[in-house]
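This report refers to the structure that appears directly beneath it.
Since we're looking at a predicted model, the values are computed, not measured. Each chain gets a letter, A, B and so on, in the order its sequence line appears, and its residues count up from 1.
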Amino acid sequence: MVLALLAALSLAQGDYAPGRAGTEPLDAAREARVQALGKQLRCPVCQGTSIADSPSSIARAQLDKVRELVAEGKTDDEIFAYFVARYGDFALLSPRKEGVTSLLWLMPGLMLIFGVLIIVLQVKKKPKTAAPAAAPAAAPADDPFLEAVRKDLKQ
Amino acid sequence: MQRWVVISVALVATFGLLFVFYKGFGTDPHAVPVMNIGTQAPPFKIKRLDTGETIDSAALKGQPMVLNFWATWCGPCKGEHPVLNWAAAKYKGRVAFYGIVVESEEEATRKWLAEHGEGFPQLYDPKSTIAVDYGITGVPETYFIDKAGTIKSKYANPMDPQTMEARLAEIL
């Protein structure tokens, strides 16, 4: 309650980040491109939100910049390059498929192929057959004990 | 032979992963990298609040410059303002200090400056255009630019006198 009152007092004194009007939207086709590009750029002060979806002031300013660059006729790659030059690859919500970051895209496939290879090799490997057990040594014919057993059995 | 191939591949994968973990430990995945150190400072033409004249950055080359991005609603900016006023007075004639006010109403900015002092010129960036050009992610952020117009460093926290002196030494 006290916090709410303090916040209200602070706002009443103008001690807050004002809502920015932003630039006027472009025509429908170009504005759709602005929004599509904005969806692929990361808001620097949010948690994984695009600048098209973030209400933060800096994201609004960045979307204005996208609008300005689209109006100047820049290509998508040029617009992404503008933000990467200032905020690094961090600015891109999807890592680029080139250089070191291409490993991010390749590794899952490579690991899958490696795993399948190991399974195939294991399945193809012939199981080792156990050596046949040695035949019991024949009892000597003149074993007196065996003779006694046979005799008992016949009775 | 085949067994050695499998072991080698497993070792390479293991050490690869260990390297990735080693590089990742201790780094903040949410930190925005600073990319423009060593590059030419983006040019700007922007209104000076006290005189209303347009300041062209091209005319400022030849002297080291400090650009401080701030806003009226930012608490840490209020805390560092005396440090900037002090440094601007101490290095007067050797370093040009400029404040760039972002995301703030013009009238609120004038009122704020009247209250806290205006020891160096303040420039007004109502749509944060210059801020985005410089790769700003929040306020306060301070750029140190040498006399050739090259960005030498950026400090993304409230300035203290020791840090200020150290950063200024790099551009003088």
Any cation-pi pair here, B:R48 with B:Y124, using under 6.0 Å and within 45°? no
Count the heavy-atom pairs under 4.5 Å between each of A:G48, A:G88, A:A91 and chain B, then report the option with the highest count. A:G88
Looking at B:N36, B:V102, B:D133, B:I136, which one has more heavy-atom pairs under 4.5 Å with chain A than the rest? B:D133
Measuring heavy-atom distances to chain B, does A:L117 have an atom under 4.5 Å in its side chain, in its backbone, in both, or in neither? neither
Less than 6.0 angstrom separating the ring centers of B:Y98 and B:F120, yes or no? no
ILVMFWY cluster, B:I151 and B:I46 together (side-chain gap under 4.5 Å): yes
Are B:Q122 and B:E118 linked by a side-chain donor-acceptor pair shorter than 3.5 Å? no
